[in-house]
Amino acid sequence: MSSIQKLTKTRNIGIIAHIDAGKTTITERILYYTGKVHKMGEVHDGEATMDWMLEERERGITITSAVTSCNWLGHTINIIDTPGHVDFTIEVERSLRVLDGAIGVFCAVGGVEPQSETVWHQADRYKVPKMVFVNKMDRIGADFFRVIEMTKDRLGADPLILQLPWGSEENYQGVIDLLSMKAVIWEEETLGAEFKEMPIPSELMEEASKYREMLLETVADKDDRIMDRYLSDEDIDPKELKRAIRTATINLETVPVFCGAALRNKGIQPLLDSIIEYLPSPLDVPPITGDVPATGKEETRPANPNGPFSALAFKVMMDRGRKMTYVRIYSGSVKAGDTVYNPGKKVKEKMARILKMHSNKRARINQASAGDIIAVMGLKIAATGDTLCSASDPILLEPIQITEPVISVAAEPKRVQDQDKLMDALRKLSDEDPTFRFRIDDETGQTVISGMGELHLEVIIGRIKREFFVETNQGKPQVVYRETAVKKVVHEEVFEKELAGQQHFAGVKIEISPRQRGEGNRFVDRCENPDLTEEFINAIREGIDEATNNGVIMGYPVLDTETSLLDVRIRETSDAMAFNVAAGMAFQNSFQQADPILLEPIMEAEILVPEAFMGDVIDDLNTRQGKISQITNKGTIQVLTACVPLSKMFGYSTSLRSVSQGRGTFSMQFSHYDKS
């Protein structure tokens, strides 16, 4: 098989959704039916192949995205099974950054839940073509068409129904395929490995014909050739219809929708067929773009195995104490033992070993090329989001967007002699997970760890104990605040000092002013001094960036502030170091005069509760300074959407159980920072 043929027969896909929608169960079925594994692992038994971490098996949730590959109809499908819990959003973010297509899994009862919206919009940001699988059609309360409406309303998607469910709840039997106009039913004796097609039952024929017509109308709107045949009442060749659906899916014009019940082994094989039919190969998506470091000019790299090597390190893991880096190759090829260049860090590193991953199992391979997702041993410096390329043809790809942590706890080893082991563990874990941070508090000397939520930090503490054999004591969770300026201030700072026998001088005049919430920090050069060099500007910018990491109220990072450089003073003894120091001092002193205030993280919470307990839940939210933005009806359950300060949500699950007699559930995700 030629390298181009190999690319056309490759699919790099992710499975994304809210927690408990059934992503891992679907992945397990895919691996079983493609012959990759010979026994289905169940999440509820703690035996899922893709949930290999002890924490995942204990909790029955996915924590870290796992990579595997399988073969179907002569095609290679590389799959990343992602977490559904909001605390592990970074795993979804970095997976979507390197994938060509995605399957959004929605529970037929819960529908499009909050984290489903989050991951869907992450995929939108990276322009990833998607399909939808409506899972759990056998569950009580399953409603396929309500999920379709939620897909339109909440996600702004244009769903294209290719299958209808044959029955629902306990009467769920299989699917009605609207392309072949056949009913499909699965054999329970073979664990769903065998299925048969049959004529559509007469009582379902009217509905099937109606949705077949809607399908043809929708596709005709997106393809002129289909439109001509549709208007002329000609028969439309199924191959031509599939080609048009594929084009519309890859162009993000529509989202094919399928259904099934993964736990009962129904609906997986047609989903596999559709991954091949409708989701793109690496050749079908636009070539990756990046900047040439020397010139700053944008350059594209087509998915060509014979082109210059370029790849993105999207995940780092510690494997038996050694660093393993997951890499997506966009162009070119690489062999085990090759030296690659990291243009962001300006270093060369050797790819000692190249591995093909199946969850936590691995196989050594000698070579990998464009379109492959691999793991590499030997890269000591590369981190999440780093570009790897050939030194002769360097390119810098867009990095991965990292979310800032919102919650902290103080941690210390139970035994004093374990302090060094704890610091080593924290360094390795922060290398793995860019949303996990740690620092030593200057005033108290405490080690403070920060993450995306209470569960995130619980998992980190558990891993420190199990993987690094360090037991810890923790304080109560603390909110990670931000600081911002309220008023405009102009300030000039002069730095003049003799260091190691050399005189240093710099004068910096800046203005700081507040920005709108969510706009972030910005540096503006308004200085017209002709003696100001690019080197000095960069030193000033770096000095201000460093100063924004520590505010003046409680030392939290500064947010939503604009810093304008108005003027500089330069002498013969001026240098970059002096300007860096002067800029940092100017920012700190001017920020102190700008009436700084604290900003705290505001969470968007979605609470599901029976109507009888609505009043008590609303009263409880009011005491937590919650602002209810929406109340919707979901059958017998009311859904409250509210914005609540994170500091008021500690212990909320216990409180909600108390006021709803154990029948209320909730999920929350970071929304924005605002005044505390």
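Excluded from the calculations below are hydrogen atoms, water molecules and symmetry mates; all remaining heavy atoms, backbone and side chain alike, are included. What you see is a predicted model; the values in this text were computed from it and never measured.
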* To do: Rounded to the nearest 0.5 Å, what's the gap from OG on S331 to CD1 on I288? Could you check?
  => 9.5 Å

* **CD1 on I395 to CD on E299, rounded to 0.5 Å** => 5.0 Å

* Does CG belonging to D224 count more than 12 external heavy atoms closer than 6.0 Å? -> no

No-hydrogen, no-angle side-chain donor-acceptor test under 3.5 Å, [X] and [Y]:
X    : Y    : answer
S369 : K6   : yes
D221 : T218 : no
R29  : N265 : yes

Taking all heavy atoms of [X] and all of [Y], pick out the closest pair and write down the distance.
X    : Y    : result
H456 : T435 : CE1-OG1, 3.4 Å
P305 : S333 : O-OG, 2.9 Å
P280 : P129 : CG-CG, 3.8 Å
V334 : M351 : CG2-SD, 3.5 Å

* Structure fact -> So ring-ring contact (aromatic ring centres under 6.0 Å, His included) across residues 210-254, not counting sequence neighbours, yields F145-Y211

Do [X] and [Y] make a side-chain contact, defined as non-hydrogen atoms from C-beta onward lying under 4.5 Å apart?
X    : Y    : result
T27  : Y32  : no
K182 : P199 : no
Y330 : R301 : no
Y326 : V67  : yes
N135 : F106 : no
L355 : V376 : no

Would you say the side-chain atoms of [X] pair up with the backbone N or O of [Y], donor to acceptor, closer than 3.5 Å?
X    : Y    : result
T295 : K297 : yes
R146 : V109 : yes
E349 : K380 : yes
N251 : T247 : yes

* To do: Going by the side-chain contact (heavy atoms from CB on, under 4.5 Å) test, name the single residue among I374, D100, L99, L397 that passes it with R328.
  => D100

* To do: Using the side-chain contact (heavy atoms from CB on, under 4.5 Å) rule, pick out the option among N71, T68, T34, I276 that qualifies with I77.
  => I276

* **From F195, Y33, Y172, W166, residue fulfilling ring pair (Phe, Tyr, Trp, His ring centres under 6.0 Å) relative to W186** => F195

* Check step by step if side-chain contact (heavy atoms from CB on, under 4.5 Å) holds for L252 and K127. => CA-CA 7 Å; L252 308 177; K127 296 182 169 54; 3.8 Å; yes

* Should K130 and D124 count as an ion pair when the cut-off is N to O under 4.0 Å? -> yes

* Residues K222, E253: salt bridge by 4.0 Å N-O rule -> no

* Measure the acute angle between the ring planes of F258 and Y278, then classify it against the limits of 30° and 60° as parallel, tilted or perpendicular. => parallel

* Asked: Please walk me through it: do L271 and M131 pass side-chain contact (heavy atoms from CB on, under 4.5 Å)?
  -> CA-CA 9 Å; L271 183 66; M131 303 194 310; 4.0 Å; yes

